[in-house]
Engineer: 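There's a structure below that I have some questions on.
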Amino acid sequence: MSETLVAFDEVLERYDPAFGLEVHVELNTNTKMFCGCPATFGGEPNSQVCPTCLGLPGSMPVVNAKAVESAIRIGLALNGSIAEWCRFARKNYFYPDMPKNFQTSQYDEPIVYDGYLDVEVEGETYRVEIERAHMEEDTGKTTHIGGATGRIHGADYSLVDYNRAGIPLIEIVTRPIIGTGAKAPLVAKAYVAALREILLGLGVSDVRMDQGSMRCDVNLSLSPKDSGELGTRTETKNVNSLRSVERAVRFEMSRHAGILDAGEAIFQETRHFHEDTGTTSAGRPKSDADDYRYFPEPDLVPVAPAREWVEELRASLPERTADKRARLQVEWGYSELEMRDVWAAGALSLIEATVAEGASAQAARKWWMAELSRSANDRGVELAELGVTPVQVAEVQKLVDGGSLTDKLARQVFEGLLAGEGTVAEIIDARGLAVVSDDGALGAAVDEAIAAQPAVADKIRGGNQAAAGALIGAVMKSTGGKADAKRVRELILEKLA
Amino acid sequence: MPEITRDEVAHLADLARIDLSDAELDHLAPQLQVILESVASIQGLAGDDVPATSHPLPMTNVFREDVVVPGLTPEQALSGAPAVEEQRFSVPRILGDEQ
Amino acid sequence: MSIIEKTAAELIDALAAGETTSVELTQAHLDRIAAVDGDVHAFLHIDAEGALSQAAASDARRADGNALHALDGVPIAVKDVLTTTGLPTTCGSKILEGWIPPYDATVVKKIKAAGLPILGKTNMDEFAMGSSTEHSAYGPTKNPWKLDRIPGGSGGGSAAAVAAFEAPLALGTDTGGSIRQPGAVTGTVGVKPTYGSVSRYGLVALANSLDQVGPVTRTVLDSALLHELIGGHDPLDSTSTTTPVTGLVDAARAGATGDLKGVKVGVIKELAGEGWAPDVMAKFNESVDLLTKLGADVVEVSTPSFEHAMAAYYLILPAECSSNLAKFDAMRYGLRVTPDGDPSAEDVMKASRDAGFGDEVKRRIILGTYALSSGYYDAYYGQAQKIRTLIIEDFKKAFEQVDVLVSPTSPSTAFPLGAKLDDPLAMYMQDLATIPANLAGTPGISIPAGVSDVDGLPVGVQLLAPVLEDARLYRVGAALEAAIGPVLSIDKLEVAR
Ligand SMILES: [Mg+2]
Ligand SMILES: [Zn+2]
């Protein structure tokens, strides 16, 4: 099979892309989907299990009411319909991380169907249709031992921890998204970003892509330009950052085009995404082993959410993202372009939280969009995963406002935060970043500056206070930016009165 | 009449992860054929107007509050395990990809 | 009369009157087990030590006036398909040899909480698949009436233990007749309660939508006593009914007075005729005559869709069990067979399941896998679920005309061991009369109708009532039982007195 990659622009000359996303979201409920075990992250191995989530003979599932509520809220926020009646089904396949060798999921009767999400890319709005969202359970976690790589292939054996088994998942599945052309990678990324923002707003999940509480599978196919058909698709599994979603779509477009150009057929298979190279490699071919033999879970009864309950949940939904964005733009006094950049960078919630901590909207935007966005880009991570919190940004800005930090010093504090040097106070301390306002220390520097620029000093003596700027600049320079500019100005005016 | 061939039985055994011997396959295929013939009588018996019953009693909405209840200790959880290492279930190397 | 010949109701009185102690009668039953179980093989595990210490605790409570329940101190045997902490639970399968569950089934919790000493775990067809207990991986149970005959199945162990006076009470499970058919061929009383009225939590599932735990005893009153103890809502079983089934003991006592005036009884037309042994029909007809004599209004009713019950059952059951039994994969518990070479997890699963499951289990797993496969689902599983609807409708119509339905429990008396082992269909026919109740969720009881004029072996008569109307079975059953008179006695058995 051809491995020629076609340049992205060239792909679009001959093909139309269609893509779809399957997003798995781990809910942040207290307990698992079907048992009372904690659904928290990171306990000792096999310490958060019971007969049910361990699949012991005789055990039975009972549905977590909160998970159903979260599923309905997600469905409503995605403009979806909530099923009047739906069931759980068993998806039968063997895998050691699955205690029962079937996953309790939903099949042809999902709790949410026919939703959509409008996403914006470069000023244009695209509607992503959501086919369904359904409830299911997570699997256990496998560690592969031996072999060269610690990966599944080549391992000698594996160790399984079932703490994660049974944690509630919502799987959100789009319809094939067509007509996005060259924007396909960006629309895919924007959809996941928008979805993430909504889920954060609902408070139903931590949506940490880096920790696996939100996981994306990317389906992609190409069809001959303007044919209006859907080509054979591949499914790239576990694409776990916004940037990777974009890259996976882009890479698969180039790869598919190479195969199709060579007159070969796309092989329907799952593919693995490699974060380091941004490429995909072949996984499991689709086969009749995919006969999951779904049937209704006989140990659970149907879920029929009362319409009053659904309407209650609808009424209590947080503000819609689009409405919120419009409101905040006015409140914050941002221009259309500024707001669009903030949105595209995934900084809306971060800035909102920073403002809530007392920073001004302009200051919050300055730090997140200039300083921190650049670092996130450099590191190839999301802004939210940078490790700097809105609380810290507000704290730094407060010090600037109070005069104990200058912008320049503040930048060094952020540097320290990104490097993991400790708290804001610790970094200021360790790096010696406090503004110098001590008259003794400043006095000498001021005298020096006056002596060095006698003409300027004369102007000030003659009543031209605006000329003081030149002397202040000199003092700042000689103190390495640590001087309290306000106090320096006062000292100069005192001395030249 | 439904037909269940030896090859088909072998495929089903594969799906069901049972390593049937040739002798077992020879034995099982005709037995399954007889059973299938006897149950085939219901095919097409009930039309679209007849709803399917998956639960004998018509119940809905049985939920549990989202409250943690004590489960098993790791020792209890691992007590029946054929092999244990680092408080985890030790399993032979896994061939296929995750689904 | 020796103490082991007493019914549970009589033992309650003897304990209350201080005529015996729990230790004494538990020891008497353990002695009986030691004397005859070598021939009968009703037990897979005997827990003499545990039973005696529970008995001693019971006696101490009683001495303090703190008996937990009327049945406190009366020993019981438990079918090996119910999980028990500290006692092996094998389900009659090699794949679970030596497995000791870390949790108790809800019904086991209830009998422990009521103070009933557990004598041990009883033999059964592997995973409850069979009608003769010959499919146990640990060897067959023999019918105490005639040791070359089957004791019925799958609960042949519980029925034989009670019939052989090794236990006054036992727990069974009934998926298609596994309590009632063994009851019929051993001359004991067995009840399948309304689906969902007794918790299934801790019952290793055969077919989840059909399984039900129930009592196995020598009298109708004893069944009522045990049934009231084990019944009730269980939040761990999502299919557990919230409407309690009550008044069973009162109904049994009322019925024993022998008056059935005003009770309408329907003889099921479809459960007679060809395939039904003449000696069984003769005893059955005597029972029907007795019902008339007791004042009941006996009519014939027709339930045409019962004709298809067997076919529907042998699609639904294999489908559900093929999925249930997937968890036995040698990864977390149970038998692990490691083939030579460098076997993968998949190889180990396949080898372990081949070695660990018996022929009947494999047959049904393969059949169920087939019935659920894409392309066959609608024709088989889907159709079977529709037939189920028709059977429920037939029951509804019948119960508009009558209060209870009556039929022979089993088409023949106990057949010789080995007679039907190579003919699965002939074995399946044993459950012709019992299966409809499982498909519809309705309760049923089998009581001894006398012994066959041909072979001197017991014949059972089955009564069926509407869902949640289990009390009717006890009233009519107790009346009929009194009219028929004792069928089982220790001197009629082939096992040593
Ligand atoms: Mg899924
Ligand atoms: Zn659990």
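Residue numbers start from 1 in every chain, and the chains themselves are labelled A, B, ... in the order their sequence lines are given, proteins ahead of strands.
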Engineer: Contact part of A:Q48 toward chain B, heavy-atom cut-off under 4.5 Å: side chain, backbone, both or neither?
Structural biologist: neither
Engineer: Taking the side chain as every heavy atom from C-beta outward, state whether B:V68 and A:C37 have any atom pair closer than 4.5 Å.
Structural biologist: no
Engineer: Quick check on B:L78 against chain A: is it the side chain, the backbone, both or neither that has a heavy atom closer than 4.5 Å?
Structural biologist: side chain
Engineer: Given heavy-atom pairs under 4.5 angstrom as the criterion, report whether the side chain, backbone, both or neither of A:F34 touches chain B.
Structural biologist: backbone
Engineer: For A:P38, which atoms come within 4.5 Å of any heavy atom of chain B: side chain, backbone, both, or neither?
Structural biologist: both
Engineer: Side chain, backbone, both or neither: which part of B:V67 has an atom under 4.5 Å from a heavy atom of chain A?
Structural biologist: backbone
Engineer: With only heavy atoms counted, which part of A:P302 is less than 4.5 Å from chain B, the side chain, the backbone, both or neither?
Structural biologist: both
Engineer: Please answer whether the main-chain N or O of B:P74 pairs with a side-chain N or O of A:N46 as donor and acceptor at a distance below 3.5 Å.
Structural biologist: no
Engineer: So, the side chain of B:N61 versus the backbone of A:V303: is there a donor-acceptor pair under 3.5 Å, distance only?
Structural biologist: no
Engineer: Chain B heavy atoms under 4.5 Å from A:D156: which part of the residue, side chain, backbone, both or neither?
Structural biologist: backbone
Engineer: If you count heavy-atom pairs within less than 4.5 Å of chain B, which of A:L300, A:V160, A:D217 leads?
Structural biologist: A:V160
Engineer: Testing the 3.5 Å rule here: is there a donor-acceptor pair between the side chains of A:T31 and B:R64?
Structural biologist: yes
Engineer: Please look at B:A52 and chain A and tell me whether the side chain, the backbone, both or neither of the residue comes under 4.5 angstrom of a heavy atom of that chain.
Structural biologist: neither
Engineer: Non-hydrogen atoms of chain B under 4.5 Å away: do they reach the side chain of A:C53, the backbone, both or neither?
Structural biologist: neither
Engineer: Do you see a donor-acceptor pair shorter than 3.5 Å between the side chains of B:R93 and A:S158?
Structural biologist: no
Engineer: What option among A:V62, A:T52, A:L54 has the most heavy-atom pairs under 4.5 Å with chain B?
Structural biologist: A:V62
Engineer: Kindly assign one of parallel, tilted or perpendicular to the pair A:W309 and B:F63, based on the angle between their ring planes and the thresholds 30° and 60°.
Structural biologist: tilted
Engineer: At a heavy-atom separation under 4.5 Å, does B:E75 approach chain A through its side chain, its backbone, both, or neither?
Structural biologist: neither
